[in-house]
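Scroll down for the structure; my scribbles are underneath it.
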Amino acid sequence: MSLLVAQTAQALGSSVRCRIDARDVSLSLHKAGDSSILNLLPATITGMVPADTPGHLLIKLQAGQQPLLARITQRSAKALQLQSGMTVWAQIKAVALLE
């Protein structure tokens, strides 16, 4: 999986381990073509569980070979009609991926 990150001391094209917080992942049903978010990954929903805060869910995703979590509100999940097995677009801000 390739991601764009904020400027770093690593050489361009280097492989690095990256931690992505669930709060930094948003979901969309369609690939955004007019967004400031640079990292758009197709992902499959593999599960949904209540988060540790009221009104939030943790959405378990599989993006290629990588597991990923998104933390969203129950209201957003209902509005998007999210279900296990659905394909969505995980959106990750490059500025959220800092060392």
Side-chain angles (χ1 to χ4, degrees):
M1 170 183 347
S2 294
L3 297 172
L4 294 172
V5 298
Q7 189 171 356
T8 178
Q10 300 293 326
L12 185 63
S14 297
S15 292
V16 295
R17 187 177 188 99
C18 186
R19 176 181 161 173
I20 302 170
D21 290 331
R23 69 172 186 246
D24 293 327
V25 179
S26 66
L27 301 177
S28 177
L29 298 179
H30 306 285
K31 185 176 183 180
D34 56 352
S35 173
S36 65
I37 298 177
L38 299 176
N39 295 300
L40 306 169
L41 306 171
T44 302
I45 297 174
T46 59
M48 297 187 292
V49 296
D52 57 355
T53 53
H56 290 97
L57 293 173
L58 284 177
I59 309 298
K60 297 178 182 182
L61 304 161
Q62 192 68 33
Q65 299 297 313
Q66 300 300 315
L68 189 62
L69 286 175
R71 182 178 174 193
I72 65 170
T73 63
Q74 291 177 352
R75 181 178 182 171
S76 292
K78 186 175 182 177
L80 294 172
Q81 299 179 357
L82 299 182
Q83 301 175 33
S84 288
M86 283 180 72
T87 299
V88 295
W89 287 90
Q91 304 175 123
I92 306 161
K93 288 185 171 186
V95 295
L97 305 175
L98 300 175
E99 290 185 27

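In this text the structure is predicted, and so the values were computed from the model without any measurement. Basis for what follows: all heavy atoms, side chains included, without hydrogens, waters or symmetry-related copies.
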Task: side-chain contact (heavy atoms from CB on, under 4.5 Å) evaluation trace for Asp21 with Arg19 - done: CA-CA 6 Å; Asp21 290 331; Arg19 176 181 161 173; 3.2 Å; yes
Open item on the list: Rounded to the nearest 0.5 Å, what separates atom CG in Leu68 from atom OG1 in Thr44?
Closed with: 11.5 Å
- [ ] Using the rule that two of Ile, Leu, Val, Met, Phe, Trp, Tyr join whenever any of their side-chain heavy atoms come within less than 4.5 Å, decide whether Leu27 and Met86 are in one cluster.
- [x] yes
- [ ] For Leu61 and Ala43, work out which heavy atoms get closest and say how close.
- [x] CB-CB, 4.1 Å
Open item on the list: Within this structure, what is the CG-NZ distance for the pair Leu57 and Lys78, rounded to the nearest 0.5 Å?
Closed with: 12.0 Å
TODO: Give, for atom OG1 of Thr46 and atom CD1 of Ile59, the distance between the pair rounded to the nearest 0.5 Å.
DONE: 9.5 Å
- [ ] With sequence neighbours excluded, tell me which residues meet side-chain contact (heavy atoms from CB on, under 4.5 Å) with Ser35.
- [x] Ala32, Ile37
- [ ] State the CG-NE2 distance between Leu40 and His30, to the nearest 0.5 angstrom.
- [x] 13.5 Å
Task: Interatomic spacing from CZ in Arg71 to CG in Asp24 - rounded to 0.5 Å - done: 11.0 Å
TODO: Determine whether Gln62 and Pro67 make a side-chain contact, defined as any pair of heavy atoms from C-beta on separated by less than 4.5 Å.
DONE: yes
Task: Atom pair OG (Ser36) and NZ (Lys93), whose distance is rounded to the nearest 0.5 Å - done: 6.0 Å
Task: With Leu80 via side-chain contact (heavy atoms from CB on, under 4.5 Å) - residues at least two apart - done: Leu29, Leu82
- [ ] Would you kindly confirm whether Met48 and Leu41 end up in one hydrophobic cluster when ILVMFWY residues are joined by side chain heavy atoms under 4.5 Å apart?
- [x] yes
